[in-house]
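The next block holds one structure in the form of structure tokens; read it before the comments.
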There are 2 protein chains.
Amino acid sequence: MTQNVYKSHDHHACIDSAVAEARRLCDEKGVRLTPVRQRVLELVWDNHKPVGAYDLLPKLAEEGFNSAPPTVYRALDFLLDLGLVHRINSLNAFIGCNHPGHSHPTCFFVCRECGMAQELDATPLNEIARQAEQQLGVRVEQQMTELMGLCPRCQKAS
Amino acid sequence: MTQNVYKSHDHHACIDSAVAEARRLCDEKGVRLTPVRQRVLELVWDNHKPVGAYDLLPKLAEEGFNSAPPTVYRALDFLLDLGLVHRINSLNAFIGCNHPGHSHPTCFFVCRECGMAQELDATPLNEIARQAEQQLGVRVEQQMTELMGLCPRCQKAS
DNA sequence: CATCAGAATGTAATATTATAACCTAAACTG
DNA sequence: CAGTTTAGGTTATAATATTACATTCTGATG
Ligand SMILES: [Zn+2]
Ligand SMILES: [Zn+2]
Ligand SMILES: [Zn+2]
Ligand SMILES: [Zn+2]
């Protein structure tokens, strides 16, 4: 895992590096990081909590961007395709990827109290995929693991 | 994994054993497997494809059951609580559990073509949870892994 | 049996999340 | 510049899920 979100850190650095990485990737692939796409990426990175698509709408509106569901879903789809964000299915919410650029099995821990999410190293998951492929003959193309529980802070608080 | 759903099998036996197991569990816990709950369980087990809540409504209606979203969501919540069914978050859909009665990390392979889902042995996932707990200090309470890809049949078909 | 409490269900309305369809504008391509 | 592709604007609607409150059923108790 690239970073522990439960430790305090310079979060502006998180955002900046996410944007820089996005720009690099878009250049590489010859696609455009348009203003609304970049702004959605920044908003998703606003903190380490997964954010719902509809939470983004008013923020975009405030800033003079067009604000309608298709706008934000298009931007999110674009970012998902590039692997710049992940979707946390159990929350219908989106969060920035810590190591975009190479497609990878996805694994997050999400605190059920505060909502903070931590991306985890998912390499052990490859074992499961490999087993399924061998034993069942399936072909695994994608995978997502979501762990739920309490983060260190919320454990103390309760 | 208790069974390979991609092999042909007596599926009535799947349904029957699911219902029997449900009855046993309900007795044990002193809760009631009412007609609508049982019927929802049977409908979820109708095949090995995850089924959406709203797919169940017309089927219940046909059979004279009350049919409104709260009815089916209540039944599904009941079954989820007991661990009799799982929710596939990436599909907003529900599927019967192969080994209910003891809460367990959940892991499914879902074919993106035909929709069939196979529950997998999730023990390797405990390792991930253990690591997260050690390295981050989180407490993991639940976990779900969803693999997506092509099942053996759909690979041949393409 | 009569009564009561809790559990389950009925019903109407509404909230939340996501997509379809169709049109316009901007950006590359040669 | 003309033609093509890509992105965005706009309206409407689909799909999924929950709230709130009334009613009925069930099992327990006196
Ligand atoms: Zn940060
Ligand atoms: Zn990632
Ligand atoms: Zn079966
Ligand atoms: Zn299960």
Side-chain angles (χ1 to χ4, degrees), chain A residues 22-23 25-41 43-44 49-82 84-95 115 144 146, chain B residues 22-23 25-41 43-44 49-82 84-95 110 115 146:
Chain A
R23 197 172 302 285
L25 255 173
C26 287
D27 283 353
E28 187 181 309
K29 303 220 173 183
V31 294
R32 283 188 279 157
L33 189 63
T34 60
V36 70
R37 288 168 174 174
Q38 174 171 339
R39 191 64 190 120
V40 165
L41 180 63
L43 289 171
V44 166
K49 298 185 190 181
V51 62
Y54 276 74
D55 297 331
L56 300 176
L57 288 177
K59 299 183 187 174
L60 290 173
E62 269 176 26
E63 301 173 17
F65 286 97
N66 178 50
S67 167
T71 300
V72 68
Y73 279 106
R74 283 168 184 154
L76 288 169
D77 285 346
F78 173 86
L79 298 170
L80 284 168
D81 280 350
L82 262 72
L84 291 164
V85 304
H86 294 292
R87 183 172 196 277
I88 308 284
N89 290 315
S90 57
L91 302 176
N92 298 328
F94 302 84
I95 187 157
M144 173 54 137
E146 300 176 20
Chain B
R23 199 173 299 288
L25 255 174
C26 288
D27 283 354
E28 187 181 309
K29 303 220 172 181
V31 295
R32 282 188 279 156
L33 188 63
T34 59
V36 69
R37 288 169 174 173
Q38 173 171 340
R39 193 63 190 122
V40 166
L41 180 63
L43 289 171
V44 167
K49 298 184 191 181
V51 61
Y54 276 73
D55 296 331
L56 299 175
L57 288 176
K59 299 184 188 176
L60 290 172
E62 269 176 26
E63 301 174 16
F65 286 98
N66 179 48
S67 166
T71 300
V72 68
Y73 280 105
R74 282 167 183 152
L76 288 169
D77 285 347
F78 173 85
L79 298 169
L80 284 168
D81 282 349
L82 262 72
L84 291 164
V85 305
H86 295 292
R87 183 172 196 279
I88 308 285
N89 290 314
S90 58
L91 301 176
N92 299 328
F94 302 84
I95 188 158
V110 183
E146 299 175 19

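The chains referred to below are lettered A, B, ... by the order of the sequence lines, with proteins before strands, and numbering in each begins at 1.
In this structure, B:Phe65 atom CZ and C:dG10 atom P are separated by 10 Å, rounded to whole Å. The interatomic distance linking A:Asn89 (CG) with D:dT16 (P) rounds to 14 Å, in whole Å. Distance CG (A:Leu76) to C1' (D:dA7): 15 Å, rounded to an integer number of Å. Distance B:Arg32 CZ to D:dA28 P: 10 Å, rounded to the nearest Å. The interatomic distance linking B:Leu60 (CG) with C:dT11 (P) rounds to 14 Å, in whole Å.
Within the 4.5 Å cutoff, the side chain of B:Val31 has heavy atoms near those of the B:Phe78 side chain. At a threshold of 4.5 Å between non-hydrogen side-chain atoms, the residues A:Ile95 and A:Ile88 count as touching. Taking the side chain as every heavy atom from C-beta outward, A:Lys59 and A:Arg39 never approach each other to under 4.5 Å. At a threshold of 4.5 Å between non-hydrogen side-chain atoms, the residues B:Gln38 and B:Arg23 count as touching.
Distances were taken from every side-chain heavy atom of A:Thr34 (C-beta onward) to each of D:dA7, D:dA20, C:dT17; the shortest belongs to D:dA7.
With centres under 5.5 Å and a plane angle under 30°, the ring of A:Tyr54 is stacked against the base of C:dT17. No aromatic stack links B:Tyr73 and the base of D:dT18, using centre distance under 5.5 Å and interplanar angle under 30°.
Nearest-nucleotide assignment on DNA chain C puts the 5′-proximal partner with A:Ala53, out of A:Ala53 and A:Arg74. Of the residues near DNA chain D, A:Thr71 and B:Asp55, the one whose nearest nucleotide (by heavy atom distance) lies more toward the 5' end is A:Thr71.
Side-chain atoms of A:Arg37 and base atoms of D:dG8 include no donor and acceptor less than 3.5 Å apart.
Within 4.0 Å (heavy atoms only), B:Val31 reaches no atom of the nucleic acid at all.
Taking side-chain N and O atoms only, A:Asn66 has a distance below 4.0 Å to OP1 or OP2 of D:dT10.
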